[in-house]
Student: 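Submitted below is the structure of interest, expressed as structure tokens.
In listed order, ligands and their atoms are each counted from 1.
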Amino acid sequence: MTAPRDGTLVLGIETSCDETAAAVVQWRDGVPRVRSNVVSSQHDLHERYAGVVPELASRAHLERIVPVVREALGSASVDAGALNAVAVGNRPGLIGSLLVGNAAAKAYAWSLGIPVLGIDHVAAHLAAGLIDAPPPAWPALGLVASGGHTHLFRMHDPLHAELLGRTIDDAVGEAFDKAATILDLGYPGGPRLDARSSEGNAGAVRFPLPRLTARSVRGAAADAAGAADPDARTLDFSFSGLKTALLYAVRGVPPSPGRTPPPAPEPLTPQRVSDLCASFQAAAVAQVVDVVARAHARLAASGQVPRTLLVGGGASANRHMRAELASLGERLGMEVRLPALAYCLDNAAMIAALAHWRLAAGERDDLRLAPSARSALGRT
Ligand code: KG4
Ligand code: ZN
């Protein structure tokens with residue numbers, strides 16, 4: 001791939017969900033360097049609904065986008081006239097929210113006479129591990145573990161990601177959020193469940209691990225696996241069985257006619273809640289680690305040993321997930337790129353970082369750029 005030009009300055013904009021974000025990233029000595037990274041979170045707005053309300057999110061983006069961009073330029077000490085391009089997360093996400101960032105990015109690009117680039121949010125999460133760091137060794141495995149995605153890719157460079165497997169139901173971050181709701185931990189659930197897990201015993205409850213086979217899963221990854229053996233395990237994920245198992249552990253197994261009534265659930269003491277958090281987290285992370293390990297073995301067997309694991313997405317902020325992926329990397333001799341926490345959660349630095357490779361590849365979009373609710377990377 002052609003290397004980006006030294007000194008290139010990109011303004012990134014991200015409004016796909018409930019964070020209004022802008023960042024300035026400059027290419028310096030082979031590394032995308034973050035000059036500023038501003039995130040205005042809307043958690044306070046959505047907390048009482050225990051989830052993101054799309055219409056409220058887009059209205060808040062509209063109010064915040066210009067001040068957030070100004071702050072990003074100001075704290076980077078960059079004059080808008082010095083920018084070389086504007087990049088915007090244009091897919092996937094909430095369509096009303098995406099529209100705001102998209103319109104703002106096009107307006108800045110048009111008024112400054114510079115190119116606009118639409119960036120896939122899922123691909124950008126994979127680029128988070130490339131920020132402020134030297135280039136990794138390729139090929140890589142790319143894992144996106146967020147509130148909307150749990151997807152595993154094979155990558156040969158930052159711009160090309162081939163889907164190996166994905167969740168067939170909930171995303172892992174979504175599963176953490178739903179588990180937190182079941183346990184009444186409040187919103188946002190993932191970080192609270194993470195914190196609470198450190199007070200619990202992960203061995204207290206044994207939650208099941210799914211065993212997805214080509215026969216049980218439909219789709220391209222399953223077809224490829226199933227061509228040889230319908231009972232071959234796929235590289236897909238599933239978290240809804242785990243969520244149901246947690247629900248039963250909390251509320252009890254529903255009785256079925258003609259069967260002995262199931263035992264009453266254990267009382268939900270504060271210690272029991274912590275134990276359930278730790279056990280749930282351990283099971284969710286064990287599944288992620290298992291799929292990544294099998295993907296590594298599969299690629300290694302075909303002579304394409306993954307040298308790096310790029311990780312991104314909000315759930316990669318989870319402390320247990322980070323520790324387990326790091327030790328998997330050590331076992332397999334694979335470098336694991338765990339982004340700084342600020343770049344795990346939604347941010348615009350990852351959007352601007354990825355744009356540098358698109359620019360270097362000669363790619364540009366124009367004012368016809370439109371948002372889309374769906375990712376361009378595989379089935380989402
Ligand atoms: O990447 P992100 O900010 O937004 C999406 O693109 O979805 O991810 C948000 C998700 C939420 O589901 C949130 O609960 C989860 O990431 N999350 C965590 C942690 N921090 C954020 N999940 C588990 N442990 C955490 N520490
Ligand atoms: Zn995200």
Side-chain angles (χ1 to χ4, degrees), residues 12-21 23 37 39-43 46-47 50-52 54 57 88-94 97-98 101 119-129 142-151 166-167 169-183 185-198 200 202 237 239 242-243 277-278 280-288 310-325 338-351 353-354 373-375 377 380:
I13 291 179
E14 156 61 36
T15 60
S16 66
C17 189
D18 59 344
E19 258 98 29
T20 315
N37 183 40
V39 180
S40 169
S41 169
Q42 304 177 5
H43 284 170
H46 304 286
E47 184 165 11
V52 179
V88 59
N90 74 317
R91 61 193 308 177
L94 301 171
S97 293
L98 289 167
I119 297 290
D120 192 292
H121 181 94
V122 178
H125 271 308
L126 293 169
L143 171 71
V144 178
S146 72
H149 296 84
T150 306
H151 282 48
R166 85 307 179 214
T167 180
D169 40 56
D170 294 344
V172 61
E174 182 183 5
F176 282 132
D177 293 336
K178 288 179 175 169
T181 303
I182 292 170
L183 293 167
L185 300 182
Y187 175 87
R192 293 187 186 199
L193 187 132
D194 182 348
R196 193 66 186 261
S197 294
S198 55
F237 305 81
F239 297 97
L242 178 59
K243 180 188 62 191
C277 285
F280 182 92
Q281 177 181 269
V285 170
Q287 183 188 158
V288 171
L310 295 172
V311 187
S316 62
N318 182 272
R319 288 172 296 170
H320 185 59
M321 173 103 78
R322 295 172 81 83
E324 290 294 295
L325 288 174
L338 290 161
L341 292 193
Y343 306 136
C344 291
L345 301 167
D346 284 351
N347 67 89
M350 64 183 192
I351 303 284
L354 187 55
R374 298 178 72 81
S375 169
L377 297 193
T380 59

Student: If the cut-off is 4.0 Å to any non-hydrogen atom of Ala317, which atoms of ligand 1 fall inside it?
Tutor: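 Within the 4.0 Å cut-off of Ala317, ligand 1 contributes 20 (N), 26 (N).
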Student: In terms of residue, atom name and distance, what is the protein heavy atom nearest to atom 2 (P) of ligand 1?
Tutor: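 Nearest protein contact, heavy atoms only, for atom 2 (P) of ligand 1 is Asp346 OD1, 3.3 Å.
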Student: Do Asp194 and Phe176 make a side-chain contact, defined as non-hydrogen atoms from C-beta onward lying under 4.5 Å apart?
Tutor: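 Contact flag for Asp194/Phe176 side chains = no.
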Student: Should Met321 and Gln281 count as side-chain neighbours, where that means a heavy-atom distance under 4.5 Å?
Tutor: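 Contact flag for Met321/Gln281 side chains = no.
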Student: Under a 4.0 angstrom heavy-atom cut-off, which atoms of ligand 1 come close to Phe176?
Tutor: 22 (N), 23 (C)
Student: With a 4.0 Å cut-off on heavy atoms, is Pro188 touching ligand 1?
Tutor: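 Not so, Pro188 does not reach ligand 1.
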Student: Report the relative orientation of the aromatic rings in Phe237 and Phe239; use parallel for angles under 30°, tilted for 30 to 60°, perpendicular for over 60°.
Tutor: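 Aromatic pair Phe237/Phe239 classed parallel.
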Student: Search all heavy atoms of Met350 against all heavy atoms of Ala124 and return the closest pair with its distance.
Tutor: CB-O, 3.4 Å
Student: Check the side chains of Ser40 and Gln42 for a donor-acceptor pair under 3.5 angstrom, ignoring hydrogens and angles.
Tutor: no
Student: Please could you name the atoms of ligand 1 that Gly147 approaches to less than 4.0 Å, counting only its heavy atoms?
Tutor: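 Close to Gly147: 5 (C), 7 (O), 8 (O), 9 (C), 10 (C), 12 (O).
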Student: Within a strict 4.5 Å, meaning less than it, do heavy atoms of the His125 and Asp346 side chains meet?
Tutor: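 Yes, at least one pair of side-chain atoms sits under 4.5 Å.
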Student: Should the proximity of Asp194 to ligand 1, defined as any heavy atom under 4.0 Å, be assigned to the side chain, the backbone, both, or neither?
Tutor: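 Looking at Asp194 and ligand 1, just side chain atoms fall under 4.0 Å.
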Student: With nothing but distance in play, are any N or O atoms of His125 less than 3.5 Å from an N or O of ligand 1?
Tutor: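 Between His125 and ligand 1, an N or O pair is found under 3.5 Å apart.
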Student: Does any N or O in the side chain of Thr167 come within less than 3.5 Å of the main-chain N or O of Thr150, such that one atom is a donor and the other an acceptor?
Tutor: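 Checked: no pair found.
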Student: Supply the atom-to-atom distance Ser41 OG to Leu345 CG, rounded to the nearest 0.5 angstrom.
Tutor: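 Interatomic distance, Ser41 OG to Leu345 CG, rounded to 0.5 Å: 9.0 Å.
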Student: Give the numbers and elements of all ligand 1 atoms closer than 4.0 Å to a heavy atom of Gly148.
Tutor: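 By the 4.0 Å cutoff, the relevant atoms are 7 (O).
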Student: Which residue owns the protein heavy atom closest to atom 24 (N) of ligand 1, what's the atom, and how far is it?
Tutor: Asn318 ND2, 3.1 Å
Student: Heavy atom under 4.0 Å from ligand 1: found in Arg319's side chain, backbone, both, or neither?
Tutor: neither
Student: I'd like to know if the side chain of Thr15 reaches the main chain of Ser97, judged simply by a donor and an acceptor atom lying under 3.5 Å from each other, with no hydrogens or angles considered.
Tutor: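 The answer is yes, because a donor-acceptor pair under 3.5 Å joins these two groups.
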Student: Out of Ala128, Gly314, Gly89, Gly190, whose heavy atom sits nearest atom 20 (N) of ligand 1?
Tutor: Gly314
Student: Listing by chain and number, which protein N, O or S atoms are under 2.8 Å from the Zn ion (ligand 2)?
Tutor: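 Those protein N, O or S atoms (cut-off: under 2.8 Å from the Zn ion (ligand 2)) are His121 NE2, His125 NE2, Asp346 OD1.
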Student: For Cys17, is the nearest heavy atom under 4.0 Å from an atom of ligand 1?
Tutor: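 In this structure, Cys17 fails to qualify as a contact of ligand 1 - no heavy atom is under 4.0 Å.
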Student: One residue to check: Asp177. Relative to ligand 1, which of side chain, backbone, both or neither has a non-hydrogen atom less than 4.0 Å away?
Tutor: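 For Asp177, only side-chain atoms sit under 4.0 Å from ligand 1.
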Student: Is any N or O atom of Gly313, backbone or side chain, closer than 3.5 Å to an N or O atom of ligand 1?
Tutor: no
Student: Please check if the side chain of Arg196 supplies one atom and the backbone of Cys277 the other of a donor-acceptor pair under 3.5 Å.
Tutor: no
Student: Is there a donor-acceptor pair under 3.5 Å between the side chain of Arg91 and the backbone N or O of Asp120?
Tutor: no
Student: For the side chain of Arg322 and the backbone of Pro339, is there at least one donor-acceptor N/O pair under 3.5 Å apart?
Tutor: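 Indeed, once roles are kept as given, a pair shorter than 3.5 Å links the two residues.
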Student: Please verify whether a non-hydrogen atom of His121 lies at under 4.0 Å from ligand 1.
Tutor: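 Heavy atoms of His121 do come under 4.0 Å of ligand 1.
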